[in-house]
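Numbers restart at 1 for each chain; the letters A, B, ... are given by sequence-line order, proteins then strands.
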Amino acid sequence: MTRLAVPKTYKLYIGGKLPRSESGRSYIVNSSTGDFLANASLASRKDARDAVLAARGAQSGWAGATAYNRGQVLYRVAEVLEGRHAQFVDEITALEGVSRAAAAAQVDEAIDRWVWYAGWTDKFAQIAGNANPVAGPYFNLSVPEATGVVAVVAPQDSSLLGLVSAVAPALVAGNTVVVIASEAFPLSAISLAEVLATSDVPGGVLNILTGSPAEIAPWLASHADVDALDLVGAGALDWVALETAAVDTVKRVAWPEDGPDAAAPSIERIRQFTETKTVWHTKSMI
Amino acid sequence: MSFLEYAPAPESTSILKLRDEYGLFIDGEFTEGHGTPFDTIAPSTGKKLATMSAADGSDVDRAVAAARRAHDTVWSRMPGKDRGKYLFRIARLVQERARELAVAESLDNGKPIKETRDFDIPTVAAWFFYYAGWADKLDYAGLGKDPRALGVAAQVIPWNFPLMMLAWKIAPALAAGNTVVLKPASTTPLTAILFAEILQQADLPKGVVNILTGPGSMGGQLVAHEGVDKVAFTGSTGVGQTIARAIAGQRKKLTLELGGKGANIVFDDAPIEQAVEGVVNGIFFNQGQVCCAGSRLLVQESVHDEFVARLKERMQTLRVGDPLDKNTDVGAVNSAAQLKTITDLVATGEAEGAEAWAPDCELPSEGFWFRPTIFTNVSTSHTIARDEIFGPVLSVLTFRTPAEAIAKANNTPYGLSAGIWSDKGSRVLALADKLKAGVVWTNTFNKFDPTSPFGGYKESGYGREGGLQGIGAYLQPAAADAAATPPAVEAPAETPDITEVVDESVEAGTGAASQGAAAGDSAGTPKAAASATATSRKKARK
């Protein structure tokens, strides 16, 4: 007799906790062959606001941690992810209908990208910041800093790799993130939340919402406490309206990207949500 | 005559031979515009300086087409070292004609000659000199090997530093291989057109730089033009938002340098003489018409009374008057509209219960003038502590602890500049870390250098000008291909009518009144129109 499986209840990830949607709503997630896999939480506007609140609360602490510390915390995520490798392969195989080898390759790449970005935390300021040789008796230094709270619409055609590729670079410099996962492939996002919850990432640093990007993204785009908007996975939405809504609070906006190279690893992805602060100090005339 | 009074020492204007009329500068030639010509006046007297040609939509088309042609056939293909040589030539020509430009700038803007002579024009030359050297070193700009230009840059600049803002925009754009269509503010178009003469002297290939004078509506047409790949704007937050809305969905690279409400934080251990000088410079430099002005003084409570007393004493010695007088510290406000904004906000400050004080000084009977003014008894909820005034008006607040100073300094939607005055290095560095501001000056203020990035956090805009970061704003990695080519889209059925709100009166601006007007005007149709345009582009891209 075969054993009766214990299916997982997929929730949201907000402020380091895994609540159900306050709206009580959920939606059906089917496999590529149309079989029922799970009910995922259908996040509401209120869930998005709670997530922003959590992200704002965590931002100064995350940005204020040493770069060495942030690097270790992010690397720890990769460690825990590696340990759950098989779980993600199972989920991706079922969800996306790809071969186990393809799913494994996706998980490998997601882990490797996470490691790559973890290594940037204590190097990014060195290559993106500089001492400026000003024409006068001043000490003058430019350093990149986090922009603040970043809202992300994750790539929609990828369970794990797209999500990781979009959020990891935003975390490097000290931003905190609210991400809307792939609507069709949301399960790995919540399994990633479990990874985060059992690693060292402080609650609120990364918040994951599942549900309808078309429903939630406008609230994030117009939210006054969101500093930047990454529309990388918003190509199928009315993303121009989202970019327009972001103008009211002068948010930094990244445009949609298509295809397998969307959110490819790059320094530019770290840089796009940083601000350069230039500090001048007088030098005495000795 | 007291010992503080000086005999008049006016700079001669004989070096400047103004013509009665000036045209647009398109494709290397001066040409008449199809818009309604307008006069540019001297704010210190209200008298006309010259009649300027105005561009309309057809002139914008011509200029963008010329810039595209120059980009594709000449400028982007030219070896970097040759682009650099042109920029070095320009830097030298600016230096050779520095005095003439200083006089013209002082006349047209109303700012003191000692500032145009010793700050504006030397900074212009320095900017071209710095970026000239970048032209053949782009591999080191942080974007990998062989980065490429973005294409045609539309640049809209304010009236507070007319020629300096031109240099900040044009120098990095050209060094990176872009071509330019620039719109100076309509109250201060003069030096941009004189600069066009310099471009001819430098024999810059035609079409590489095009300069369109005219109304704000024309600036709106320019940034929304489909042949433009990059938009750079310096001015008020309200107008910056109008531009961002207009081009949403077009995937044009955008940098915005917007308003500010800079906090100048004075601790009780600060070197007080220097701090007083720095605070005066921070707010009265350029009549306070500076986006990074230190317009909020946060002074530690224990030294408040002494500091304010010494500040008033120092303000008493400021000489307000003829901008061409070499002894003048504070010149004329740029326009009647700006003077009204300042006057209204000061009236609001008094109505809300803050105490205004200004030194006793006689103002000229003609032109636009405002006395250097400070407000004491200001609380964080007061309008004058929140809204950018963009005039010689300082609001004084107090704090007790560093934590309170940080909280108050950051209590603004803006994030452009901040100052810290303290003898304690460890405290200065810790505070600088916590301030949400793109530029932090410690024990100094209002320092600028072409090697040094400048730009804001939050609603002060995005992107940086100056330094390595400044050239990066005009480049893309070699791999990127989409943005470099002109967007292959059908023309929108209707040009988005954002244009009437890119209004010169608020370009550099400013106060709540003018911003409110711009925002109000833009709330309706422009948004919808821009969105419709952008949607059609999105479809075309698929």
Q.
Would you say that B:L258 contacts B:F233 through its side chain, given a criterion of any heavy-atom pair below 4.5 Å between the two side chains?
A. yes
Q) Salt bridge between B:R245 and A:D248, side-chain N to carboxylate O under 4.0 Å? A) yes
**Q.** Chi angles and distances behind the side chain to side chain contact (heavy atoms under 4.5 Å, CB included) call for A:D227, A:R56
**A.** CA-CA 10 Å; A:D227 300 296; A:R56 174 58 63 196; 2.7 Å; yes
Q) So do A:H281 and B:L429 actually touch side chain to side chain, heavy atoms under 4.5 Å? A) no
Q.
Can you list the residues of residues 440-453 of chain B that sit under 4.5 Å from chain A, counting heavy atoms only?
A. B:V440, B:W441, B:T442, B:N443, B:T444, B:K447, B:F448, B:D449, B:T451, B:S452, B:P453
Q: Apply salt bridge (Lys or Arg N to Asp or Glu O under 4.0 Å) to A:E275 and B:R464, showing your working.
A: CA-CA 9 Å; A:E275 308 289 339; B:R464 294 293 180 272; 3.3 Å; yes
Q.
Would the distance check show the side chain of A:N207 and the main-chain N or O of A:G15 forming a donor-acceptor pair, the cut-off being under 3.5 Å?
A. yes
**Q.** Min side-chain heavy-atom separation B:P477-A:E268 under 4.5 Å
**A.** no
Q. When heavy-atom pairs shorter than 4.5 Å are enumerated against chain B, which of A:T249, A:L242, A:D258 gives the highest number?
A. A:T249
Q) Do any of residues 128-145 of chain A have a heavy atom less than 4.5 Å from a heavy atom of chain B, and if so, which, in residue order? A) A:A128, A:N130, A:N132, A:P133, A:V134, A:A135, A:Y138, A:N140, A:S142, A:E145
Q: Heavy-atom distances under 4.5 Å only: say whether B:Q469 touches chain A with side chain, backbone, both or neither.
A: side chain
**Q.** Minimum side-chain heavy-atom gap A:L237-A:P213 below 4.5 Å
**A.** yes
Q: Go through the steps for B:F454 and B:L416 under the test side chain to side chain contact (heavy atoms under 4.5 Å, CB included), then give the verdict.
A: CA-CA 8 Å; B:F454 177 92; B:L416 188 50; 4.2 Å; yes
Q: Please check if atom NZ in B:K137 has more than 12 non-hydrogen atoms from other residues, nucleotides or ligands closer than 6.0 Å.
A: yes
(Q) Please classify the contact between B:A437 and chain A as side chain, backbone, both or neither, with a heavy-atom cut-off of under 4.5 Å. (A) backbone
Q) Taking the side chain as C-beta and beyond, is there a heavy-atom pair between A:F124 and A:R271 under 4.5 Å? A) yes
